[in-house]
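Below you'll find the structure, written out as structure tokens, and then a few comments.
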Number of protein chains: 2
Amino acid sequence: MRMMASGKKQKNGSAGRKAKKARRKKVNDLRLDMQGDEHEEGGGGRSESTESSAGGGVGGERQREHPFVVTEPGEVARAKKNGLDYLFHLYEQCRLFLLQVQSMAKLHGQKSPTKVTNQVFRYASKVGASYINKPKMRHYVHCYALHCLDEDASDALRRAYKARGENVGAWRQACYAPLVDIAARHGFDIDAVFAAHPRLAIWYVPTRLRQLCHQARSAHDAAAAHAGAMPPPMF
Amino acid sequence: MRMMASGKKQKNGSAGRKAKKARRKKVNDLRLDMQGDEHEEGGGGRSESTESSAGGGVGGERQREHPFVVTEPGEVARAKKNGLDYLFHLYEQCRLFLLQVQSMAKLHGQKSPTKVTNQVFRYASKVGASYINKPKMRHYVHCYALHCLDEDASDALRRAYKARGENVGAWRQACYAPLVDIAARHGFDIDAVFAAHPRLAIWYVPTRLRQLCHQARSAHDAAAAHAGAMPPPMF
DNA sequence: AGAAGGACCAGTGGTCCGTA
DNA sequence: AGAAGGACCAGTGGTCCGTA
């Protein structure tokens, strides 16, 4: 028996969405393949720091990628886990796929994407990089952003969170604050910060990060107003 | 009795679309207002070259804008017609609406459009500029582009087409060729041409114009290859 | 016939939530 | 519990075609 979830969310900082239809239609409910209960990939043991350790056995259901763990720079994740160097490597791969898509589009006189779009994710899947998917890449964009913008800070954060034994979710949350600080030094304009970095400019600014920068600016402006000297608004 | 049209089109230079449902549902078929057969706006006679001469009477059905006619620069269109200065003025208005939307978005920490998007058209309607709509603006973008990029050529074309008594559709078609020539001087990169002009950069490159530039490049490359010296491909 | 624009549709950005 | 990602939805870009 499954409960019907209500499905609230905040679309892009504006008012909430209108009524949604009931979701999750449970496709693919009947298994036609020979999967029994559980199975694991047969081979094993690739272990470059930027190599996945996920499944990929011949035939059968596609395995999920192994979950990420907080690793130090250069550290190889242990069995059934992927490290953060590998995570960041996925962003580099997406960039290369974007470059491919752009080249093909221009060759054929079609409009060329400037960002990693659905089209790019579709291309990645088509050429076999099925371990790349949109929800995952969007989920960790800001972590990659910190890695791009301040690798030392990013590395330090990884070491600290690994030392404390924090899980990936906690590390991911912790990546926001240093980014807001960086944005603050650029007038809280996180779009400008992304746009100014060539490897970052191809990624959409995550909604949550944008919200946090906006909140920080409001707090900053309020504090300045309280201090007496009201600065002119940024826009 | 109305025939069911088949509804073919070329999506963005790629393969044709998949099957479409039957279109046109004929909403708003019953009139609840007091319109009889025909009606015209009561007042009259505004006649600045960038002022519309379309309806806007109090209450009742919204009048369509008057059709465009080919006018010389500075020329005022006669009754029930709008001139080309007015057309180009609409593009300037859209730019101002975009600037408004951008300012509001940034104030609220939301993502800010870089182009004239649906959001901008919605804003234009909301603030009363209901004479601005997406199909119209997209239809004439390349005409506005020529006006921006080579006003002398644009003016000359207008005078020539007016002198010949051509209709707006013919003039509109004629705007493509000079633009392709301009693109040719920039490596056939029409996107770069648009992007380099501040008032043009906010408009999407029309599909048809992009196709024509692509075709021209192909023809150009083929001619060069035939001449013996094969140049390197642009991308 | 020529033209303006309401309304449609395929595919997008964004992310929820059923799943492992 | 923590996490990966299939699948969904609101709103987009693009323009057709019923309308005046």
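In what follows, chains are A, B, ... by sequence order, proteins preceding strands, each numbered from 1. Bear in mind the structure is a predicted one, so any value in this text is a computation, not a measurement.
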Roughly, in whole Å, what's the span from [atom1] in [X] to [atom2] in [N]?
X	N	atom1	atom2	answer
A:Met137	C:dG13	CE	P	15 Å
B:Tyr204	D:dG14	OH	C1'	11 Å
A:Ile202	C:dG13	CD1	P	13 Å
B:Phe68	C:dA1	CZ	P	23 Å
B:Lys115	D:dT12	NZ	C1'	15 Å
A:Arg138	C:dC17	CZ	P	20 Å
B:His139	D:dG13	NE2	P	20 Å
A:Trp203	C:dT12	CH2	C1'	15 Å

Donor-acceptor pair under 3.5 Å: do we get one between A:Asn118's side chain and the base of C:dG11? no
With no angle test and no hydrogens, is the base of C:dG13 tied to the side chain of A:Lys134 by a donor-acceptor pair under 3.5 Å? yes
Of the nucleotides [options], which one has an atom closest to the side chain of [X]?
X	options	value
B:Val168	C:dA3, C:dG14, D:dT12	C:dA3
B:Gln119	C:dC16, D:dT12, D:dG13	D:dT12
A:Tyr140	C:dG13, D:dA3, D:dT19	D:dA3
B:Pro135	C:dT15, C:dA7, D:dA3	C:dA7
A:Glu65	D:dG5, C:dT15, D:dT15	D:dG5
B:Asn133	D:dG5, C:dG14, C:dG5	C:dG5
A:Arg122	C:dT12, C:dA3, D:dA3	C:dT12
A:Thr117	C:dA3, D:dG5, C:dG13	C:dG13

Answer with yes or no whether the side chains of A:Glu92 and A:Tyr144 bring together a donor and an acceptor at under 3.5 Å. yes
Would you indicate, yes or no, if C:dA4 has its OP1 or OP2 atom less than 4.0 angstrom from a side-chain nitrogen or oxygen of B:Lys136? no
Is the phosphate of D:dG14 approached by A:Lys111 (side-chain N or O, under 4.0 Å from OP1 or OP2)? yes
Got a second to check how far [X]'s [atom1] is from [Y]'s [atom2], nearest 0.5 Å?
X	Y	atom1	atom2	value
B:Asp85	B:Leu90	CG	CG	11.0 Å
B:His142	B:Cys148	NE2	SG	13.0 Å
A:His197	A:Ile202	NE2	CD1	10.5 Å

The answer to which of A:Pro206 and B:Gly169 contacts DNA chain C further toward the 5' end, by nearest nucleotide, is B:Gly169
Requiring both pairing distances under 3.5 angstrom, list the stems that contain DNA chain C and are made of three or more consecutive Watson-Crick or G-U pairs. C:5-10 with D:12-17, C:12-17 with D:5-10
Let me know which of A:Val116, A:Thr117, A:Asp191 forms a side chain to side chain contact (heavy atoms under 4.5 Å, CB included) with A:Tyr204. A:Thr117
Under 4.0 angstrom, heavy atoms only, what part of the nucleic acid is B:Arg172 near: base, sugar-phosphate, or nothing? nothing
Determine the interatomic distance between C1' on C:dT19 and the same-named atom on C:dT15; round to the nearest Å. 16 Å
In terms of ring plane angle, is the pair A:Trp203 and A:Tyr91 parallel, tilted or perpendicular, where the classes change at 30° and 60°? perpendicular
Salt-bridged, B:Glu75 to B:Arg158, with N to O below 4.0 Å? no
Using the benzene-type ring in the case of Trp, are the ring centres of A:Trp171 and A:Phe68 under 6.0 Å apart? no
